[in-house]
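Here is the structure we will look at, set down as structure tokens.
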Amino acid sequence: MPRDLPIGNGKVLINFDNDYCMRDVYYPHVGQENQTIGHPQKFGVWADGKFAWMGSGWNIRKNYLKECLVTDVICRNDDLGLELRIHDVVDYHLDIYMKEVHVRNLTNNQRKVRLFAHHDFHIYEHEVGDTAFFDPNTQSVIHYKKNRWFLTKSAGTQKYGVDMWSIGNKEIANCEGTWRDSEDGDLGRNGIAQGSVDSTIAAELNVPPNSEEVAHFWMCFGSTYEQVSELDKVVTEKKPSYFVPHNQNYWRLWVNADHLDFLGLSPKVAELYKRSLLVVRTQVDNEGAIIAANDHDITQFARDTYSYMWPRDGALVAYSMTKAGYRDVPQRFFQFCADVIRDEGYLLHKFNPDKSLASSWHPWIRDGKAELPIQEDETALVLWSMWQHFRKFRHIEVMRPLLGFLFKAGDFLVKYRDPETKLPMASYDLWEERYGVHLFTVCSVIAGLNGAAGFAYALGELEKHRIYKEAAEEVQQAMIQHLWSEKDKRFCRMATRTKDGYQLDMTIDAAMSAIYMFADLPPHDPKVKATMTAIRDRLTIKTDVGGVARYENDYYHQISQDVGNVPGNPWFICTMWMAGYDIAAARGQNDLREAARILEWVADHALESGVLAEQVHPYSNAPLSVSPLTWSHATFITVVLEFVEKQRALMSENVFAHTITPV
């Protein structure tokens with residue numbers, strides 16, 4: 001189920017699903033230690049003897065308040081005669097989650113309404129040895145295990161603090177959990193439970209006819225009792241009503257750090273651009289890891305998650321934030337990479353947010369011989385992204401600690417090449433499915449070497465500059481010589497080394513778009529144009545949904561075997577690569593129309609909240625795979641900025657042309 005509403009502060013990340021259930025609670029890292037392991041945390045309402053859990057029976061509209069990381073969820077239940085407007089926020093500075101619930105009575109009667117918040121923690125991602133207890137000092141229910149403490153509390157019309165609670169066992173001896181205790185509108189008030197435990201707390205409101213009252217629920221995160229109780233004191237002193245406007249102001253300042261004229265793009269594209277910046281920020285850990293996605297439901301497909309730092313994804317996300325004018329996110333990411341690079345100069349497959357090595361399926365041995373279990377584009381693109389960041393901000397003091405990474409990685413890209421052909425040696429592709437020499441990787445290596453050369457020249461390392469620049473040129477020439485198919489009149493997806501040269505895989509793959517993005521070739525080069533035309537012709541989805549597939553007959557979450565019309569599911573990033581090419585190739589403002597249409601397509605196919613999944617269903621447009629995918633949002637940011645830059649340049653050229661005095 002997609003995660004429609006992520007909120008967070010770089011240390012705490014909370015996700016809500018399509019039924020507006022809290023599903024993921026990550027702490028103390030974004031993407032590491034999902035304290036609920038994806039189990040729904042139920043929220044229910046009781047009034048006049050009737051009870052309803054959020055989900056079926058409710059009409060739910062899920063969105064955010066404008067330009068901030070505060071939810072704006074409208075929930076209406078005609079059977080209960082109630083409408084709830086709810087704002088959820090994780091404080092940008094303090095590890096406090098606040099839920100503000102405005103309850104509107106739709107009847108002509110005075111009513112007592114009770115709200116119930118259920119918490120199904122699996123602390124440290126398992127249920128063994130958890131404890132939950134009612135704490136009379138803070139008037140809260142606290143869950144803890146070792147160094148993870150979670151204080152939960154509520155405030156209604158008359159009571160500040162929990163006056164109704166239930167604590168018990170779950171998932172053992174046929175115990176469903178304390179949420180069942182809520183459905184009669186009352187709770188048992190058991191004082192403590194250990195092992196596999198859950199809890200439910202309530203807040204009571206007296207709501208006049210056709211009027212509204214406000215309740216609050218909050219959660220404090222810490223590593224000790226003292227930490228969470230001190231945070232609860234902050235809530236008491238500032239009042240729960242402080243947190244929504246306080247965070248609205250912060251995030252509106254953050255997302256509007258630079259004024260951007262969208263130059264003809266529609267308001268919904270502009271709105272999604274800002275939402276994408278905010279969503280990206282929720283997926284970034286404060287210690288530098290840019291996480292691919294945090295949607296625990298993907299474990300049902302692969303028994304693993306996307307909650308890792310892939311250097312490639314991170315490099316491209318960092319680039320988007322650089323282009324948007326943000327320094328901190330890219331700089332912390334680059335430092336993360338500098339801390340985990342191998343002495344030999346390459347980055348491994350993926351990492352956990354605490355910089356430990358993550359799970360991998362890349363072997364260290366092939367055909368009885370040792371091999372590097374890497375995707376070389378991941379090392380190369382970090383170098384490229386780092387150079388783009390320096391070019392924009394020219395902040396040498398920030399880059400100085402990263403110079404070790406620069407020369408290690410640059411030297412590795414030079415050495416890790418076929419001594420005869422000069423192409424990079426084989427590694428795994430960006431989709432993590434094939435082993436060989438991939439066009440995407442080759443183009444990335446060209447970009448990485450050019451980035452290293454730029455750094456070397458700026459630092460006066462002229463010999464290094466020469467080595468890196470010559471290597472980039474050699475790789476580019478080798479790419480044209482060995483990866484171009486004269487028969488098919490386009491570049492290949494992948495090449496496999498043989499005794500006599502290379503065997504080419506001519507499957508159409510959207511990743512071949514790297515030929516215009518990274519290969520240092522002009523967009524109107526006939527070989528570039530032919531390759532991009534083939535991608536567009538063969539991978540465009542011929543249904544009402546539209547979009548561009550990843551590659552021909554893509555098996556991942558495959559919906560249709562009608563490969564001629566649906567070569568694969570539409571991917572947001574692949575579709576936007578087409579827009580990026582149109583922008584790069586545009587010679588006049590009319591040439592930007594298709595790119596603008598694609599940006600509109602993305603906005604039209606996002607979730608109501610503005611969240612972008614990895615893929616969408618080719619017939620129904622339902623989100624597929626993880627949601628949100630950080631890379632999808634980053635690509636949208638990048639393409640919007642590329643559009644604006646090209647539009648501005650073309651407008652300037654047009655003005656200049658009309659101001660030249662004829663000779």
Side-chain angles (χ1 to χ4, degrees), residues 1 4-5 16-23 36 39-63 71-88 98-120 134 141 152-170 174-190 198-219 240 608:
M1 185 175 289
D4 293 49
L5 296 167
F16 294 88
D17 68 14
N18 189 53
D19 289 331
Y20 184 55
C21 281
M22 183 189 296
R23 291 291 298 278
T36 64
H39 286 220
Q41 317 295 295
K42 298 176 180 292
F43 188 77
V45 183
W46 175 92
D48 301 332
K50 297 179 180 180
F51 187 94
W53 291 111
M54 197 59 61
S56 179
W58 291 86
N59 183 355
I60 306 173
R61 293 172 51 200
K62 302 174 293 297
N63 217 317
T71 71
D72 187 25
V73 181
I74 308 295
C75 310
R76 184 183 177 102
N77 190 307
D78 290 330
D79 187 46
L80 290 178
L82 295 172
E83 182 177 270
L84 280 55
R85 184 173 188 181
I86 308 176
H87 305 311
D88 303 275
M98 180 65 65
K99 177 187 287 288
E100 181 175 282
V101 188
H102 298 252
V103 179
R104 174 160 289 278
N105 179 3
L106 302 178
T107 74
N108 296 319
N109 303 315
Q110 176 85 17
R111 307 177 73 195
K112 181 181 292 184
V113 178
R114 291 175 179 170
L115 309 174
F116 295 84
H118 166 248
H119 299 105
D120 181 11
F134 178 77
V141 171
T152 65
K153 195 168 177 178
S154 61
T157 304
Q158 299 178 4
K159 175 75 174 179
Y160 191 88
V162 173
D163 61 351
M164 288 191 294
W165 72 88
S166 184
I167 298 169
N169 295 110
K170 65 180 185 197
N174 297 318
C175 294
E176 291 183 274
T178 59
W179 58 273
R180 278 294 189 195
D181 193 19
S182 309
E183 294 177 342
D184 62 357
D186 201 359
L187 293 171
R189 296 175 175 81
N190 178 37
D198 72 341
S199 70
T200 304
I201 61 174
E204 183 174 283
L205 297 174
N206 293 314
V207 190
N210 299 301
S211 299
E212 76 170 38
E213 291 290 340
V214 182
H216 291 88
F217 293 82
W218 61 96
M219 189 185 305
E608 179 185 21

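Keep in mind that what you see is a predicted model, and the values were worked out from it rather than measured. Any value given below was found using the heavy atoms of this structure, including those in side chains, with hydrogens, waters and symmetry copies removed.
- Note that SG of Cys75 and CG of Leu80 are 11.5 Å apart. Values are rounded to the nearest 0.5 Å.
- Partner Phe43 forms a ring pair (Phe, Tyr, Trp, His ring centres under 6.0 Å) with one of Tyr20, Phe217, Trp53 and no other, that one being Phe217.
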Sequence neighbours left out, cut at 3.5 Å: what donor-acceptor pairs do the side chains of residues 199-206 make with other protein atoms?
| unit_1 | atom_1 | unit_2 | atom_2 | d |
| --- | --- | --- | --- | --- |
| Ser199 | OG | His143 | NE2 | 2.7 |
| Thr200 | OG1 | Thr178 | OG1 | 2.9 |
| Glu204 | OE1 | Arg114 | NE | 2.7 |
| Glu204 | OE1 | Arg114 | NH2 | 3.1 |

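- The two residues Asp186 and Phe116 have their closest heavy-atom pair at N-CZ, 4.3 Å.
- Atom CH2 of residue Trp46 and atom OG of residue Ser182 lie 12.5 Å apart, to the nearest 0.5 angstrom.
- Applying the 6.0 Å contact sphere to CZ of Arg61 captures no more than 12 heavy atoms from other residues, nucleotides or ligands.
- In this structure, Ser211 contributes its side chain and Pro209 its backbone to a donor-acceptor pair below 3.5 Å.
- Contact annotation: the side chain of Val103 approaches that of Leu115 to within less than 4.5 Å [non-hydrogen atoms, C-beta and beyond].
- Between the side chain of Asn77 and the backbone N or O of Leu82, no donor-acceptor pair lies under 3.5 Å.
- Asp78 contributes atom CG, which lies 9.0 Å from atom CD of Glu83 (distance to the nearest 0.5 angstrom).
- Considering CE of Met54 and CG of Asp17, their distance stands at 11.5 Å, rounded to 0.5 Å.
- In this structure Asn108 satisfies the side-chain contact (heavy atoms from CB on, under 4.5 Å) test together with Asn210, sequence neighbours excluded.
- Note that the CZ atom of Phe16 and the OG1 atom of Thr71 stand 6.0 Å from one another [nearest 0.5 Å].
- For Asp72, the side-chain contact (heavy atoms from CB on, under 4.5 Å) partners at least two apart in sequence or on another chain are Leu65, Ile74, Arg85, His87.
- In this structure, the side-chain contact (heavy atoms from CB on, under 4.5 Å) partners of Gln41, at least two apart in sequence or on a different chain, are Met22, Thr36, His39, His119, Asp120.
- Without hydrogens or angle criteria, Glu608 side chain to Lys62 main chain gives a donor-acceptor distance under 3.5 Å.
- Checked by atom type and distance alone, the side chain of Lys99 never pairs as donor or acceptor with a backbone atom of Ile86 at under 3.5 Å.
- Using a 4.5 Å cut-off on side-chain heavy atoms (C-beta onward), Arg180 and Cys175 make no contact.
- Of all the heavy atoms in His216 and Pro240, the pair that sits closest is CG-CB, 3.4 Å.
- When all heavy atoms are compared, the tightest approach of Phe134 to Val162 is CE1-O, 3.8 Å.
- Among residues two or more places apart in sequence or in another chain, the side-chain contact (heavy atoms from CB on, under 4.5 Å) test is passed with Thr107 by Asn105, Asn109, Arg111.
- Considering only heavy atoms from C-beta on, Arg76 comes within 4.5 Å of Leu106 through its side chain.
- A donor-acceptor pair is defined here as one N or O able to donate and one able to accept, closer than 3.5 Å; no such pair exists between the side chain of Trp218 and the backbone of Ser154.
- When the side chain to side chain donor-acceptor pair (under 3.5 Å) test is applied to Asp181, the partners found at least two apart in sequence or on another chain are Ser166.
- Leu187 contributes atom CG, which lies 13.5 Å from atom CH2 of Trp179 (distance to the nearest 0.5 angstrom).
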